[in-house]
Amino acid sequence: MEGNADPEHGLMTGESYQQNMQIDPSRARFPCCIVWSPLPVISWLVPFIGHIGICREDGVILDFAGPNFVCVDSFAFGSATCYIQVNKEQQCCTSPYLSAFDGEDEYQPNEQGRESLTWDDALRKSTQEFQHRSYNLFTCNCHSFVANNLNRLGFNSGGWNVVNLAAFVFLKGHWVSKASMLRTFLPFVIVNFLGFAFGGLTYLTFLAFFTFLLVGWFLLGTYCFQNLIQL
C-alpha cells in the first residue's frame, strides 16, 4: 500500500510548503527568519548594532521590546531591513545547550530518549519566558531573546550569544531592498560627515571611545562575566 502513494499529492504538499516559506516584505512575513532593523541614534553611530527579532513558521515577527513584553507582528523599530532565513535542517534537537533550560513542560523526549521540539514550540517557550523578564539594553535585550530561541532549537549546535548573533546577522544577512540598505547606512554617513565637519578629531575620538565602550561591554559580559548578559 505504501508503494502506491499519490505522487501528485506529494508534489502539491511540497509546493504548499515552498509557498508557506516564501518571504514577503510587503506583508512583513519572514518565515523561519532572523530579522534586523537599525536603532535610532545608536545605529547612526555604530551601524552594526540594531534591533533584532525572530519569526514563526508563518512569518510573523516576534521581538523582545520592553519589560515583560514580546511584540507579536509589530516590529518595534519599524520594518525589517535585513534578514537571514534559517535552514531548519540545521536545527539539532540534541544540542548540549538544551539541557540549560529548566521548567515544567519545556521539552518532550522522543522514543530514543532525546529531547525534541518544533520551531514554533521553541519560540513559544522563549516568548513565555521573556514575558516575565525585565528589559535592559546592556544585560537582557532583543539579542538575548533571539539567542535564547536559537539555543533552544540547537541551531548550528547552539552556543549563541549576543556577540556572535550580531556578527552572524551583520555578515550573513540579506538586505530586503536597496531602500532598506539606504535606511541603514544613510543616517550613519550623514551623522559622521556632520560630526567630522564640525567636530573634527574631537568627534572621531568620541566615536571611537563610544564604540570601544559599547562593543567592549558586550564582549566582556559575554566571554569574561558569563552571568552578566542574560540569555
Side-chain angles (χ1 to χ4, degrees), residues 10 12-25 27-37 51-76 80 82-135 140-162 164-166 168-169 172-173 229-231:
M12 291 175 63
T13 302
E15 289 177 349
S16 175
Y17 175 78
Q18 291 295 331
Q19 185 174 5
N20 289 337
M21 293 299 291
Q22 286 183 353
I23 293 169
D24 186 356
R27 298 176 52 243
R29 292 294 180 266
F30 298 86
C32 295
C33 285
I34 302 166
V35 292
W36 183 94
S37 68
H51 185 66
I52 195 170
I54 192 167
C55 306
R56 299 187 320 213
E57 293 186 55
D58 61 3
V60 170
I61 301 173
L62 308 175
D63 61 301
F64 185 46
N68 310 314
F69 180 59
V70 176
C71 277
V72 179
D73 202 18
S74 180
F75 207 27
C82 186
Y83 69 91
I84 296 178
Q85 190 165 41
V86 175
N87 182 357
K88 290 199 295 182
E89 293 179 359
Q90 293 177 281
Q91 175 181 330
C92 175
C93 294
T94 59
S95 166
Y97 292 89
L98 292 178
S99 61
F101 301 99
D102 299 319
E104 296 182 0
D105 249 355
E106 286 292 327
Y107 301 103
Q108 296 296 328
N110 59 22
E111 60 271 15
Q112 283 82 27
R114 297 177 177 179
E115 295 170 325
S116 63
L117 72 169
T118 67
W119 179 274
D120 282 353
D121 284 339
L123 268 60
R124 185 179 68 255
K125 294 296 184 182
S126 288
T127 297
Q128 292 170 349
E129 178 180 339
F130 275 76
Q131 284 175 338
H132 300 283
R133 283 202 192 183
S134 297
Y135 182 95
C140 186
N141 56 36
C142 55
H143 286 73
S144 303
F145 173 67
V146 175
N148 182 285
N149 279 284
L150 295 180
N151 286 332
R152 283 181 186 276
L153 289 163
F155 173 62
N156 278 355
S157 298
W160 293 97
N161 55 55
V162 298
N164 60 20
L165 176 59
F168 177 62
V169 172
K172 299 292 186 180
I229 298 178
Q230 301 177 35
L231 297 176

Q: Can you give me the closest heavy-atom contact between D58 and R29, atom names plus distance?
A: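 That closest heavy-atom pairing would be O-CD, 3.5 Å.
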
Q: Rounded to the nearest 0.5 Å, how far does CG of L231 lie from OG of S144?
A: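 S144 OG to L231 CG: 5.5 Å, rounded to 0.5 Å.
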
Q: Any idea which heavy atoms bring L62 and V70 closest together, and the distance?
A: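 That would be CB-CG1, 4.3 Å.
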
Q: Measure up the F145 and F64 rings against each other and bin them: parallel (under 30°), tilted (30 to 60°), perpendicular (over 60°).
A: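 Judged by the thresholds at 30° and 60°, the geometry between F145 and F64 is tilted.
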
Q: Which atom pair, heavy atoms only, marks the closest approach of H143 to L165?
A: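 Shortest heavy-atom contact: O-CD2, 3.5 Å.
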
Q: Restricting to non-hydrogen atoms, name the atom on A80 and the atom on S37 that form the minimum distance, rounded to 0.1 Å.
A: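 Minimum heavy-atom contact is CA-CB, 4.4 Å.
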
Q: Looking only at heavy atoms, what is the nearest atom pair of P31 and Q85, with distance?
A: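 Minimum heavy-atom contact is O-NE2, 3.0 Å.
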
Q: In Å, rounded to the nearest 0.5 Å, how long is the span from NZ of K125 to CG of N148?
A: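 It is 12.5 Å, given to the nearest 0.5 Å.
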
Q: Less than 4.5 Å apart, any side-chain heavy atom of I54 and any of W119?
A: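 Yes, their side chains come closer than 4.5 Å.
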
Q: Looking at the rings of F69 and Y135, which for Trp means the six-membered one, are their centres under 6.0 Å apart?
A: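 No.
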
Q: To the nearest 0.5 Å, what is the distance between CD1 on I229 and CG on N141?
A: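 It comes to 7.5 Å.
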
Q: If every non-hydrogen atom of D63 is compared with every non-hydrogen atom of G53, which pair is closest and at what distance?
A: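 Shortest heavy-atom contact: CB-CA, 4.0 Å.
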
Q: For a ring pair (Phe, Tyr, Trp, His ring centres under 6.0 Å) with F30, tell me which candidate from F75, Y83, W36 qualifies.
A: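 Among F75, Y83, W36, the one that satisfies the ring pair (Phe, Tyr, Trp, His ring centres under 6.0 Å) with F30 is Y83.
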
Q: Rounded at 0.5 Å granularity, tell me how far CG in L153 sits from CH2 in W160.
A: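 Reported to 0.5 Å precision, the distance equals 11.5 Å.
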
Q: Quick one: CZ on R124 to OG1 on T118, what's the gap to the nearest 0.5 Å?
A: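 The distance works out to 7.0 Å.
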
Q: Would you check if R56 and V72 make a side-chain contact, meaning some heavy-atom pair closer than 4.5 Å?
A: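 Yes; the side chains approach each other to less than 4.5 Å.
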
Q: Any side-chain to backbone donor/acceptor pair from N68 onto R133? Under 3.5 Å, distance only.
A: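 Present.
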
Q: Quick one: pull up CD1 in I84 and SG in C32 and give me the separation to the nearest 0.5 Å.
A: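 So the CD1 of I84 and the SG of C32 are separated by 13.5 Å.
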
